[in-house]
Visitor: 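To start, I am sharing the structure in question, which I have written as structure tokens.
Indexing begins at 1, ligand by ligand and atom by atom, following the structure's order. Not measured: the values here are computed from a predicted model.
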Amino acid sequence: MPANFSGIWNLTTSDNFEGYMLALGIDFATRKIAKMLKPQKTIEQDGDSFTIRTTSTFRNYLVQFKVGEEFEEDNKGLDGRKCKSVVSWDNDKLVCVQTGEKRNRGWTNWIEGDELYLEIRCEDQVCNQVYKKA
Ligand code: ECB
């Protein structure tokens, strides 16, 4: 049985979010606000179908996909670039490749105990975040 990511998850730690935002070309003022945020993730999983909401006091982001099916991703409210994204299972890890203008862009989500891990990548930058189940 595959992992179940469903639930509400609150950010506890974030490492090198600044480097990740710099790689995406996010401006100074936006970075200053964004790095203070403690986003919450609300994940709805039905088999291989996912809705992931990342919400904060500043901006929200929604993505919906089915594992293995490529989709057009519009990173609205983030860096604003569009990419072609596809999510796959790597054992119990959910791995997204975001093909577009930025090289080596993507993310990996996985669960350990009551924690949700997120690695987000862009070019040579990696940001690691941990969320705790609400
Ligand atoms: C939506 C809350 C964060 C808002 C930050 C606002 C401005 C910063 C602009 C760009 C930074 C790029 C990404 C922000 C980080 C989090 C958003 C989604 C991270 C992600 O890839 O989550 C995946 C996997 O769980 C689902 O979208």
Visitor: Can you see which heavy atom on Tyr117 is nearest to which on Val130, and at what distance?
Guide: CE2-CG2, 3.6 Å
Visitor: Could you pull out every N or O of ligand 1 that sits under 3.5 Å from a protein N or O, with the distance for each pair?
Guide:
residue  : atom   : partner : partner atom : Å
ligand 1 : 22 (O) : Lys41   : NZ           : 2.9
ligand 1 : 25 (O) : Lys41   : NZ           : 2.8
ligand 1 : 25 (O) : Asn109  : OD1          : 2.8

Visitor: Under the side-chain hydrogen bond (donor to acceptor under 3.5 Å, both in side chains) rule, collect the residues that match up with Thr30, sequence neighbours excluded.
Guide: Asp27
Visitor: Are any of the side-chain nitrogens in Lys76 or Asp74 under 4.0 Å away from the carboxylate oxygens of its partner?
Guide: no
Visitor: Taking Lys84 first and then Glu72, would you say they form a salt bridge - that is, a charged N and a carboxylate O separated by under 4.0 Å?
Guide: yes
Visitor: Determine, for Trp9 and Lys41, whether the Lys NZ or Arg CZ falls below 6.0 Å from the six-membered ring centre while staying within 45 degrees of the axis.
Guide: no
Visitor: What's the verdict on side chain to side chain donor-acceptor pair (under 3.5 Å) for Asp90 and Trp110, showing C-alpha distance, side-chain angles and the deciding distance?
Guide: CA-CA 10 Å; Asp90 174 13; Trp110 71 97; over 6 Å; no
